[in-house]
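Just so it is clear: chains get the letters A, B, ... in the order the sequence lines come, proteins before strands, and each one is counted from 1. All figures in this text were calculated on a predicted structure; none of them were measured in a lab.
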Amino acid sequence: MNITEILFWLLTAVALGGALLVVTSKNPVYSVLALIATFFALSGHYILLNAQFLAVVNLIVYAGAIMVLFLFVIMLMNLNTETEPQKNKWLKLAGTIAGGCFLLVLVAALRDADSKSTMALIGEGDTGLIQNLGKALFNEYVIPFEISSVLFLSAMVGAVVLGKK
Amino acid sequence: MIQLAIDLAFVLEKAILIGGIITVSLVVAMYSTWAERKVAGFMQDRLGPNRAGPFGLFQPLADGLKLFMKEEIIPNASNKFLFILGPGLAMLTAMMTSAVIPWGKQIEVFGRTVDLQIADINIGILYIFAVLSMGVYGIMIGGWASNNKFSLLAALRGASQMISYELAMGLSIIALLMLTGSLSLKTIVELQSASGGWWNIVYQPLGFLIFIVCAFAECNRTPFDLPEAENELNFGYHQEYSSMKLGFYLFAEYINMFMSSVLMATLYFGGYDIPFVNDASLIESMGMNMVAVLQGLSLFLKAAFFIFVFMWVRWTIPRFRYDQLMHLGWKVMIPLALFNMLITAVVVLIRENGWPF
């Protein structure tokens, strides 16, 4: 086992453990913190795949900005285990069955996908580096890129309009 | 049995480097507390600490000892795990920035050439922003876990302040990146220290001004120390903290201050570049290790100057009101930074393509 493999298994364990904690912990603040830990582990995976820009942007945008917003809302509403409404047990059962079906469909759909046989490039391949990514975004994918920025602009304008009301 | 293939010398080298840098930052932060009181004393025409040791130099040690000896109080109604996690996170994020800063060029030890930088990643600046945005959590978690209304309010204030000023800071950095064309801090320093290269402050005076104001806000220093505004929020987000946990919060502020001083020196003032001297020819006449020492010293002197500016401002300027703070951040800093970005972009384009009209 070399360092890359050790890191891979470590990060995988953290990511899966964190994701499980998000769902199972009673306190919503713990859930948010576990989700942040999961994002960190995923960023570690991106770095192993040599996609440094994606890794850092994942941290800045998701762990740094969106999760702070989540935490703001949860802290201000002071959600606790006591205030959480108890779900109907039939509802829980239905949820479990629906989730299981979804898992089944996903496994069946992805079973023959080509990703099974392709090896991930670890520590090589340079499309994830910032220069190459920038060139690809502004040459090949310039129209989708600009359209997504228009989407962001409309979201911002919408937020301002709602805020003015 | 699983074979472990790890380059031990590499791991050892990095471990020693990390240990050294952390020790240096802690010692600098420790003596910043002493320097802060001395500067405050000087500005208010008094002596400052002068009892413990010569010139009061042992004062930080005495303070540390006092904090360790204090009773450790964890409020009953608090969330104990998060209450302890808060100061830990604050300290951790404060230290993490040091990983991408180049502290000197290279040294030679036992035939190995060692870069005086923990990790030269090609997204150094983005890494720093990621760490900065993590800094909010220490404050928020600490404030919320105390289960105290004042702490929560202060934490929310602090978090929104940090998020608001991060934007302007990022925009001011974008203008710098357009000039250097690289996100690696090492490349940025090398461009500045190359012969014929000027420090970035010459090209980006407005960007530096925005950056330093935002750095004050990010470190929660006066005039932006609203999170701990004593006279309205008692003691801010660390009101319920005592003993060394309080010490960690206070200490993290000084480490942040040191790190942002080093960052300002690196980005705008040539980093480890020794001014008025050609470093490359100096290496030939003095040897690599000697020059590395001088370069480290030069970076520390620059950082020390910025730390002094931090203190100077703290004891000169009164605190903003909250609405003034938000007004400054969103309606002054961000438009200014955007304007700076636009001007820089136009200049860079014209320099590359010539005057097209």
Can you tell me which of Tyr137(B), Tyr127(B), Phe81(B) forms the most heavy-atom pairs within a distance under 4.5 Å of chain A?
Tyr137(B)

Count the heavy atoms of every other residue, nucleotide or ligand shown that sit under 6.0 Å from CZ of Phe211(B), and state whether that count exceeds 12.
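Yes.
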
Does CZ in Phe70(A) sit with more than 12 non-hydrogen atoms of other residues, nucleotides or ligands closer than 6.0 Å?
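Atom CZ in Phe70(A) is not packed in, count stays at 12 or less.
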
Less than 4.5 Å apart, side chain to side chain, heavy atoms only: is that true for Leu71(A) and Val136(B)?
no

Between [X] and chain A, which part of the residue has a heavy atom less than 4.5 Å away: side chain, backbone, both or neither?
X	value
Leu183(B)	side chain
Ile163(B)	side chain
Leu156(B)	both

Kindly indicate, with the supporting measurements, whether the criterion side chain to side chain contact (heavy atoms under 4.5 Å, CB included) is fulfilled by Leu82(B) and Tyr30(A).
CA-CA 9 Å; Leu82(B) 293 182; Tyr30(A) 284 149; 3.8 Å; yes

Expected list for residues 128-146 of chain A: side-chain donor-acceptor pairs under 3.5 angstrom, two or more places apart:
| unit_1 | atom_1 | unit_2 | atom_2 | d |
| --- | --- | --- | --- | --- |
| Asn132(A) | ND2 | Asp126(A) | O | 2.4 |
| Asn139(A) | ND2 | Lys135(A) | O | 3.0 |

Residues forming a side-chain hydrogen bond (donor to acceptor under 3.5 Å, both in side chains) with Asp323(B), sequence neighbours excluded
Arg321(B)

Closest heavy-atom pair and its distance - [X], [Y]:
X	Y	value
Met75(A)	Met140(B)	CE-O, 3.5 Å
Met134(B)	Ala63(A)	CE-CB, 3.6 Å
Ser160(B)	Phe72(A)	N-CZ, 4.1 Å
Ile123(B)	Val56(A)	CD1-CG2, 3.1 Å

Strictly by ring pair (Phe, Tyr, Trp, His ring centres under 6.0 Å), give each pair with a member in residues 146-165 of chain A just once, sequence neighbours left out.
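For residues 146-165 of chain A, and leaving out neighbouring residues, there are no ring pair (Phe, Tyr, Trp, His ring centres under 6.0 Å) pairs at all.
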
Using a heavy-atom distance cut-off of less than 4.5 Å, which residues of residues 35-45 of chain A contact chain B?
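Against chain B, the residues of residues 35-45 of chain A that fall inside the cut-off (heavy atoms, under 4.5 Å) are Ile36(A), Phe40(A).
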
